[in-house]
Number of protein chains: 2
Amino acid sequence: VATPGTPPHRGRLDLDEYVEGIRRGDRVVLARAITLVESTLPSDADLAVRLLDALLSETGRSRRVGITGVPGVGKSTFIDALGMHIVRGRGERVAVLTVDPSSAISGGSILGDKVRMETLANEPGAFVRPSASRGRLGGVAAHTREAILLCEAAGYRNVLVETVGVGQSETAVRSMTDFFLLLMLPGAGDELQGVKRGIMEVVDAVAITKVDGDNRPGAERARAEYRSALHLFPASPDGWIPRVLMCSALTGEGIAEIWQMVLEHHEQQNASGHLQTRRSRQAVDWMHELIGRELERRFQSHPAVADVLPGLEDDVAQGRMVSRAAAREALTRFGL
Amino acid sequence: VATPGTPPHRGRLDLDEYVEGIRRGDRVVLARAITLVESTLPSDADLAVRLLDALLSETGRSRRVGITGVPGVGKSTFIDALGMHIVRGRGERVAVLTVDPSSAISGGSILGDKVRMETLANEPGAFVRPSASRGRLGGVAAHTREAILLCEAAGYRNVLVETVGVGQSETAVRSMTDFFLLLMLPGAGDELQGVKRGIMEVVDAVAITKVDGDNRPGAERARAEYRSALHLFPASPDGWIPRVLMCSALTGEGIAEIWQMVLEHHEQQNASGHLQTRRSRQAVDWMHELIGRELERRFQSHPAVADVLPGLEDDVAQGRMVSRAAAREALTRFGL
């Protein structure tokens, strides 16, 4: 027998059920609400927008932290440890979301998600959402952005957004969070092949992971090198100077210090007004991004355009046609 | 009395006059052809596209070099010296183009352009085009992209594209060139405020300027620091490892060495196929960018959209409306 608010069937709840469930922090309703905003069914879109609208005034009160790093750096273990520190050490609730466009392509990380963050996932104060596994990155990132709002409305004061670092996912996650943390392996330089170019310059902090045992000397060197490199980057307009820290999810070293830094950043950015500025800009940019994507989608799915677009792309790539001529041709086919 | 091909009036030439004039390397016709592709008049667009189309098979045979750096770093003096080295030292022709969105706003650099690169501008083997001064960056960058093609058709084997580094101009210039050079002042760190974040990681080389007299010790330190920092960046997929060089436009030191590096890069990238890959991708990306901009322009200038868009942006920025709801509202007004 289903308990109210947590029906076992896969159908939709009605608006009030979602709103009330989220307000009382029901994790099952929260999960189903995220499924709703993730849905690409037009019939779900109206309800999703009404739900977000109903909860909007209850959003915004969290620290939104983006976390990235190459495979093997230990993201899940780190987030598990950081989440446990927030829940047990600080007595606060934490939500963990993941942006993983690769799971949409390969399905590869879905199995992984089931066994990841086991400790944290069993905590009553934690909400761990497996990777969105549908659609293009644009879709995945869109859902995550709205999932943050739902988590906030459900009372989570801390939202960690993990990105697997595929494609544009780092840029997407940075554009929906307040603080962007890059995890790096000890042994500077070797693993940089996998970090997206341009990311190093926009991180708020680098945390060197797995600093235990034999890794310590390499980690110390890496820290010194990253510190000196970050000092050469253009300063952020928000006045924050990126830091380099060391940690070990195994021993727990550095985890509290990293979270302390996030809290300090949040306080500083909030007091200076930069937090609100950043969030407002993110939201408006996102609105324009959504508009641009819908226009592009309509354009590319127009039969007369779809007929010629691959050929035009090939002509342009092979130097048989200038970009402007090809663009005009496609736009003409669209009726512009 | 006007000589054929170089009429003094401001009207348009016909297609053959442009084509023939450019083919014989007539700088006056080349300048007028660039004015044509820069034009935003719909009546000019057809002729511009036909002109580019007619010359397309004669394009692509240049080294396209983007050069950036903050105001005061000595871009004009550097380009003057580099251009003279190419013309006098190497016996080749060089074209210099500038992307300067600020001139569209303030008109500020137009006066400057007239007295800049004086030595080079008086060389018969050089073509120096003052800043495009019209339109938004998008427009300016679009014109520069096509101006490169015209210069190539006019026989220029070397095209230097200077950017003043305002707004998105660095990204725009990087996306139309083969090699991207960042000029830096001696005294590492101090001037980084003005460099756009994320640029350091995508440069092909850093050249420290004004390395003469008292500046030398600071420059040596800066070189060591940048070298060590660049080594920490993710490697470029094209296999090129960014270099740090020193130069002085005053004494001429390092200028030949910098050009030698560009030649080496060009040869290497050409042999590996990365040059063609990069250019093909740039051209296809640009085609999609032009399509996206035109769709956006149509959207934003639609009366029913223009009526509500500023209000929606404000609602989203102030947290009174979610991005998705605002995007839907605007798209509905557009008829989608």
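Order of the sequence lines fixes the chain letters, A, B, ..., with proteins taken first and strands second; residue numbering starts at 1 for each chain. Nothing here was measured: the structure is a model prediction, and the numbers come from that model.
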Visitor: Answer yes or no: is there a donor N or O on one side and an acceptor on the other, between the side chain of A:Glu201 and the main chain of B:Met200, under 3.5 Å?
Guide: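 Yes: the side chain of A:Glu201 pairs with the backbone of B:Met200.
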Visitor: So what's closer than 4.5 Å to chain B heavy atoms on A:Gln300: side chain, backbone, both or neither?
Guide: side chain
Visitor: Is it the side chain or the backbone of B:Leu149 that comes within 4.5 Å of chain A heavy atoms, both, or neither?
Guide: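 Only the side chain of B:Leu149 comes within 4.5 Å of chain A.
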Visitor: What I want to check is whether the side chains of B:His288 and A:Glu296 have a donor and an acceptor closer together than 3.5 Å.
Guide: no
Visitor: Can you say whether B:Arg320 sits under 4.5 Å from chain A via the side chain, the backbone, both, or neither, judging by heavy atoms?
Guide: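 Contact with chain A is through the backbone of B:Arg320 alone.
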Visitor: Checking the side chain of B:Arg324 only, and the main-chain atoms of A:Val37 only, is there a donor and an acceptor separated by less than 3.5 Å?
Guide: yes
Visitor: Taking atom CG of A:Leu15 as the centre, does the number of heavy atoms from other residues, nucleotides or ligands within less than 6.0 Å exceed 12?
Guide: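 Atom CG in A:Leu15 is packed in, count exceeds 12.
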Visitor: Search all heavy atoms of B:Leu56 against all heavy atoms of A:Gly319 and return the closest pair with its distance.
Guide: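 Here B:Leu56 and A:Gly319 meet closest at CD2-O, 3.3 Å.
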Visitor: Answer with side chain, backbone, both or neither: which region of B:Ala325 has an atom nearer than 4.5 Å to a non-hydrogen atom of chain A?
Guide: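 For B:Ala325, heavy atoms of backbone and side chain both lie under 4.5 Å from chain A.
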Visitor: Between B:Met321, B:Arg50, B:Arg328, which has the largest tally of heavy atom pairs under 4.5 Å with chain A?
Guide: B:Arg328
Visitor: Atom CD of A:Glu313 and atom OG of B:Ser280: how far apart are they, to the nearest 0.5 Å?
Guide: 12.0 Å
Visitor: Would a 4.5 Å heavy-atom cut-off, applied to side chains only, mark A:Met287 and B:Asp315 as touching?
Guide: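 Side chain of A:Met287 against side chain of B:Asp315, heavy atoms only: no contact under 4.5 Å found.
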Visitor: Drop me the distance from B:Phe334's CZ to A:Glu294's CD, to the nearest 0.5 angstrom.
Guide: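 So the CZ of B:Phe334 and the CD of A:Glu294 are separated by 11.0 Å.
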Visitor: Please state whether the side chain, the backbone, both or neither of B:Val305 comes within less than 4.5 Å of a heavy atom of chain A.
Guide: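 Contact with chain A: none, neither part.
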Visitor: Quick one: are A:Leu336 and B:Leu295 in side-chain contact, heavy atoms under 4.5 Å?
Guide: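 Side-chain contact under 4.5 Å: yes.
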Visitor: Among A:Gln276, A:Glu289, A:Glu146, which residue has the highest count of heavy-atom pairs closer than 4.5 Å to chain B?
Guide: A:Glu146
Visitor: Can you find a pair of side-chain heavy atoms, one from B:Arg298 and one from A:Leu331, that are under 4.5 Å apart?
Guide: no
Visitor: Is there a donor-acceptor pair closer than 3.5 Å between any side-chain N or O of A:Ser323 and the backbone N or O of B:Ala283?
Guide: yes
